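Worth saying up front: this structure is predicted, and the values here are computed from it rather than measured.
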Amino acid sequence: MKTLILTGSPRKKGHTAELTEYLAARLDGEVEILSLDHRTDIMPCRDCRYCFTHRACCIQDPMQEIYQKLDEADRILFAAPVYFYNIPGSMKAVLDRLQVCWAAAVRGDRPSADKKGGIILVGGAPESPRQFDGAIQTLRYMLEDLGAACTDVVTMGGSDKAGLSDRPDIQHALETLAQKLKA
């Protein structure tokens with residue numbers, strides 16, 4: 001069982017990393033955490049529509065390796081901080097290049113949802129009931145295009161006031177997500 005966790009945080013030791021590592025430690029099989037931070041040299045999508053007729057992107061850059069990792073993964077998770085109600089720009093650039101996966105519907109070869117997926121999002125204060133809505137919607141659609149059914153979403157607001165060690169409710173939610181991904 002291979003799990004790929006794509007993280008979008010520019011902070012290597014921030015709350016997103018802490019939640020991701022907590023979850024990864026509870027998963028079986030091979031787990032890879034791939035950072036999609038500002039140091040990722042991924043070109044933006046040019047909307048050339050090459051992927052409408054080819055199962056590939058015409059841009060040759062490090063994204064080719066990410067496509068391969070996504071194809072090989074049995075479980076795909078997205079983990080990100082939420083800035084201004086959505087994911088960071090560096091992660092968004094990578095998601096835009098997943099146009100290849102969306103275009104599978106145009107080509108008629110979209111994979112069935114035989115993989116499992118999940119979402120972890122972290123936000124600061126003031127905590128708001130709707131602060132994660134935009135990011136959740138975006139990432140759910142991405143999982144669908146990747147052929148991964150979203151098993152659960154874990155969100156932690158108020159991260160500027162309390163971390164994971166202060167939040168047994170979030171620890172429990174991550175443990176529950178791990179169990180759902182194993183089932």
Side-chain angles (χ1 to χ4, degrees), residues 1-40 42 55 57 61-82 86-88 90-102 104 110-123 132 135-156 159 163-165 167-183:
M1 187 71 68
K2 283 187 170 184
T3 302
L4 179 63
I5 305 174
L6 302 169
T7 68
S9 179
R11 295 180 57 218
K12 289 185 185 257
K13 296 188 187 250
H15 293 293
T16 302
E18 185 179 24
L19 271 68
T20 300
E21 290 165 9
Y22 188 91
L23 174 70
R26 284 148 183 81
L27 294 173
D28 55 351
E30 182 184 331
V31 179
E32 180 178 1
I33 299 171
L34 182 60
S35 177
L36 306 176
D37 64 16
H38 64 281
R39 292 172 286 276
T40 305
I42 303 293
R55 192 177 158 92
C57 180
D61 64 6
M63 190 67 194
Q64 303 308 314
E65 183 180 345
I66 296 173
Y67 292 137
Q68 182 176 351
K69 290 175 185 286
L70 288 165
D71 284 343
E72 294 171 354
D74 302 297
R75 299 179 291 211
I76 300 168
L77 290 100
F78 292 113
V82 171
N86 220 319
I87 58 176
S90 57
M91 186 176 207
K92 178 69 168 76
V94 171
L95 294 186
D96 286 351
R97 289 287 299 285
L98 294 179
Q99 175 79 357
V100 170
C101 304
W102 175 86
R110 178 180 268 170
S112 60
D114 60 349
K115 299 180 184 218
K116 291 187 177 184
I119 300 168
I120 299 171
L121 297 169
V122 178
F132 300 107
I136 290 170
Q137 183 172 359
T138 298
L139 296 174
R140 277 188 187 274
Y141 286 146
M142 295 314 308
L143 287 171
E144 181 180 314
D145 289 340
L146 292 166
C150 185
T151 58
D152 210 349
V153 177
V154 176
T155 61
M156 183 175 87
S159 65
L164 182 59
S165 61
R167 298 290 303 269
D169 58 323
I170 304 302
Q171 293 171 22
H172 177 72
L174 290 167
E175 291 161 8
T176 301
L177 174 58
Q179 289 304 315
K180 288 179 179 179
L181 290 167
K182 290 179 187 179

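In terms of modelled atom types and a separation under 3.5 Å, the side chain of R26 and the main chain of Y22 share a donor-acceptor contact. Counting only distance, with no hydrogens or angles, the side chain of K12 and the backbone of A17 share no donor-acceptor pair below 3.5 Å.
Side-chain atoms of L181 and T3, non-hydrogen and from C-beta on, never get closer than 4.5 Å to each other. Side-chain contact between I87 and L95: present, with at least one pair of heavy atoms (C-beta onward) separated by less than 4.5 Å. Using a 4.5 Å heavy-atom threshold, the side chains of R97 and C57 count as touching. Put simply, the side chain of M63 reaches to within 4.5 Å of the side chain of L98, judged on heavy atoms. T16 has its side chain out of reach of R11: every pair of non-hydrogen atoms, C-beta onward, lies at least 4.5 Å apart. Side chains of P88 and S9 form no contact here, defined as non-hydrogen atoms less than 4.5 Å apart.
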Which is it for E65 and K69 under the salt bridge (Lys or Arg N to Asp or Glu O under 4.0 Å) test, yes or no, and what are the steps along the way?
-> CA-CA 6 Å; E65 183 180 345; K69 290 175 185 286; 3.5 Å; yes
Test log, rule side-chain contact (heavy atoms from CB on, under 4.5 Å), inputs L164 and Q171 = CA-CA 7 Å; L164 182 59; Q171 293 171 22; 3.7 Å; yes
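Separating the NZ atom in K115 from the CD atom in E72 is a distance of 8.5 Å, to the nearest 0.5 Å. The distance from atom CG of L27 to atom CG of L77, rounded to the nearest 0.5 Å, is 7.0 Å. Taking CD1 from I42 and CG from D61, the interatomic distance works out to 4.5 Å, rounded to the nearest 0.5 Å. If you take CG on D169 and CE on M156, they are separated by 9.0 Å, rounding to the nearest 0.5 Å. Taking CG of L6 as the reference point, atom CD of E32 lies at 8.5 Å (rounded to 0.5 Å). To the nearest 0.5 Å, atoms CD1 (I170) and CD (E175) are separated by 11.5 Å.
Heavy-atom minimum distance, L174 versus I120: CD2-CD1, 3.9 Å. Contact record, A79 with M91: O-CE, 3.9 Å, taken as the closest heavy-atom pair. In terms of heavy-atom proximity, E21 sits nearest to I33 at CG-CD1, 4.3 Å. Considering every non-hydrogen atom in both V82 and A135, the closest pair reads CG2-CB, 4.1 Å. Taking each heavy atom of S90 and G8 in turn, the nearest pair found is OG-O, 4.2 Å. Here the closest heavy-atom approach between residue M142 and residue F78 is recorded as CB-CE1, 3.9 Å.
When V94, I5, I66, L70 are each tested for a side chain to side chain contact (heavy atoms under 4.5 Å, CB included) with L34, only one passes: I66.
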Could you pull out all donor-acceptor pairs under 3.5 Å where a side-chain atom in residues 146-155 meets a protein atom, sequence neighbours excluded?
unit_1: T151; atom_1: OG1; unit_2: G117; atom_2: O; d: 2.8
unit_1: D152; atom_1: OD2; unit_2: K180; atom_2: NZ; d: 3.0

